2 protein chains.
Amino acid sequence: MKDAGAGGRDRPGLSREKVLRKALELADRDGIAALSIRALAQGMGTKPMTLYYYVANKDQILDGLVDLVFTEIDTPEAGGEWKEQMRRRAHSAREALRRHPWAVGLLESRKAPGPATLKHHEATLGTLRAAGFTVQQTARAYSLLDSYIYGFALQEAALPIAGHEPMAEVAGPIMERFATGEYPHMVEIATQVVMQPGYDYGNEFAYGLELILSALEPAQ
Amino acid sequence: MKDAGAGGRDRPGLSREKVLRKALELADRDGIAALSIRALAQGMGTKPMTLYYYVANKDQILDGLVDLVFTEIDTPEAGGEWKEQMRRRAHSAREALRRHPWAVGLLESRKAPGPATLKHHEATLGTLRAAGFTVQQTARAYSLLDSYIYGFALQEAALPIAGHEPMAEVAGPIMERFATGEYPHMVEIATQVVMQPGYDYGNEFAYGLELILSALEPAQ
DNA sequence: GGAGTGTTTCGTACAATGTACGAACAGGGT
DNA sequence: ACCCTGTTCGTACATTGTACGAAACACTCC
């Protein structure tokens with residue numbers, strides 16, 4: 001027998017929910033590459049094949065992870081001013097993707113959107129439509145905003161370990177090339193921007209977002 | 001002894017170059033997941049371990065692939081009008097990433113930029129600086145443009161097999177949900193935009209790009 | 001020729017992965 | 001007692017990257 005409903009007790013049984021949540025934890029801690037069925041099973045105190053009762057295969061776990069990440073993104077509300085809604089959505093999306101950098105790479109290959117993902121898209125589209133955007137305009141605005149958000153997250157994920165010891169491993173192998181004077185503009189950026197004391201690439205996100213939001217307008 | 005220089009005969013020997021080029025071919029044909037050392041060796045008519053004479057490990061192959069892709073992107077020239085340069089660069093980047101969709105996901109994890117990658121970045125930065133952007137502005141403009149380009153490519157790569165049979169596999173599993181009327185705005189977009197006869201998502205790229213380029217201006 | 005030296009190929013082996021298959025166990029309903 | 005349904009897991013296999021070291025080859029010098 002199932003234990004009542006889909007709520008979820010805590011001690012005894014496993015559940016699809018718990019499997020996914022543990023997978024999220026492991027992916028965050030050790031990276032998505034280290035998320036193996038065996039490691040996941042071990043983390044849950046069970047054996048590999050047990051997981052297959054709750055999940056059809058590993059792809060389904062990855063799909064589930066993506067949907068979990070969408071859970072953490074603010075969904076626009078129907079009533080609010082659209083730019084403010086989009087701003088909130090964008091910032092929370094970026095933050096979620098920074099918390100789970102592996103998710104960006106996953107977006108590419110997943111093709112089974114989960115309920116949270118669908119709900120999120122639906123709400124966002126609704127907000128734009130309600131703001132007066134035509135269907136066409138809505139599609140374009142959405143594409144533009146999401147491209148920027150995902151692209152920024154992608155670049156942020158590609159950075160060295162994000163703030164830990166400003167530059168060192170990355171600088172090492174490249175510095176030789178830099179020393180040749182072959183890349184003066186990259187050096188310029190590196191020294192005058194990136195390596196500056198308080199610099200945090202994440203703060204640049206707002207700049208591009210505001211630029212885009214300023215240029216977007218419904219109807220015309 | 002080595003055969004004269006690093007030019008590269010064609011018939012007999014292998015070479016790092018040829019390994020990478022074959023890897024590119026296989027990745028394009030069968031997807032990045034199918035690119036195994038064994039498959040690659042077979043494709044070149046040799047045995048797996050032979051490849052390790054030319055390449056230290058598989059990661060180096062992936063790094064090489066990313067750099068190969070950058071090879072296909074137009075590098076801005078020093079003299080030209082900057083917006084036109086950025087436009088060309090952006091379009092050719094998007095096209096390259098559409099030809100090699102797997103490359104988008106690779107950008108995230110690679111941390112050893114190849115010579116083509118570095119040269120490309122350097123030239124782009126140079127063009128912006130020459131156009132009068134300050135160092136700060138250059139960093140921001142570059143980040144904004146690349147975020148949009150990569151993000152768009154990411155979304156394009158996430159689409160179904162791009163134009164082949166407009167919607168079918170994707171529609172199938174989701175249509176049930178759609179039928180419930182739970183996602184009216186997604187249906188709206190799907191029917192009135194995406195499923196329209198001549199629709200090609202790729203064409204939307206120009207819209208966002210022009211919007212961004214219009215809003216970008218050096219100095220102030 | 002033969003010996004020596006460097007370059008290139010590859011056979012074998014191992015550890016790690018996803019997962020198919022089917023057995024084992026649990027608990028309730030009859 | 002029996003079975004039914006839900007859950008756990010042992011074993012096994014194919015596929016992956018690649019370490020190790022030997023073999024095959026090419027070329028120079030005697």
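The chains referred to below are lettered A, B, ... by the order of the sequence lines, with proteins before strands, and numbering in each begins at 1. Model, not experiment: these values are computed from the prediction.
The separation between Q42(A) atom CD and dG10(D) atom P is 13 Å, rounded to whole Å. Atom P of nucleotide dT9(C) and atom CG of L51(B) are separated by 9 Å, given to the nearest angstrom. Atoms NZ (K18(A)) and P (dT7(D)) sit 12 Å apart, rounded to a whole Å. Summarising the geometry, the separation between CG on L35(A) and C1' on dG18(C) is reported as 12 Å, rounded to the nearest angstrom. Straight-line distance from the OH atom of Y52(B) to the C1' atom of dG11(C): 15 Å, rounded to whole Å. Separating the CD1 atom of I37(A) from the P atom of dT15(D) is a distance of 19 Å, rounded to the nearest angstrom. L14(B) places its CG atom 16 Å from the P atom of dT7(C), with the value rounded to the nearest Å. With rounding to whole Å, L40(A) atom CG is found 14 Å from dC9(D) atom P.
When distances are taken from the side chain of Y53(B) to each of dT8(D), dT16(D), dT7(C), the shortest belongs to dT7(C). Set against dA13(C), dT9(C), dT19(C), the side chain of Y54(B) has dT9(C) as its closest nucleotide. Looking at the side chain of M49(A), the nearest of the listed nucleotides dA20(C), dT7(C), dT7(D) is dA20(C). Taking the side chain of R38(B) as heavy atoms from C-beta on, and the options dG10(D), dG11(C), dA13(C), the nearest nucleotide is dA13(C). Listed candidates were dT9(C), dT18(D), dC21(C). Nearest to the side chain of T46(B) is dT9(C).
Distances shown here put every side-chain N or O of T50(B) at or beyond 4.0 Å from the OP1 or OP2 atom of dT8(C). For K47(B), no side-chain nitrogen or oxygen approaches OP1 or OP2 of dT9(C) to under 4.0 Å.
Side chain to side chain, S92(B) and E72(B) fail the donor-acceptor criterion of an N or O pair below 3.5 Å. No hydrogens or angles considered: a donor-acceptor pair under 3.5 Å links the side chains of Y201(A) and S143(B).
Residues P115(A) and D67(A) come closest through the heavy atom pair CD-OD2, 3.2 Å. Residues E156(A) and R94(A) approach most closely at OE2-NH1, 2.6 Å, considering heavy atoms.
Taking the six-membered ring where tryptophan is involved, the planes of F205(B) and Y148(B) are essentially parallel, since the angle between them stays under 30° and well short of 60°.
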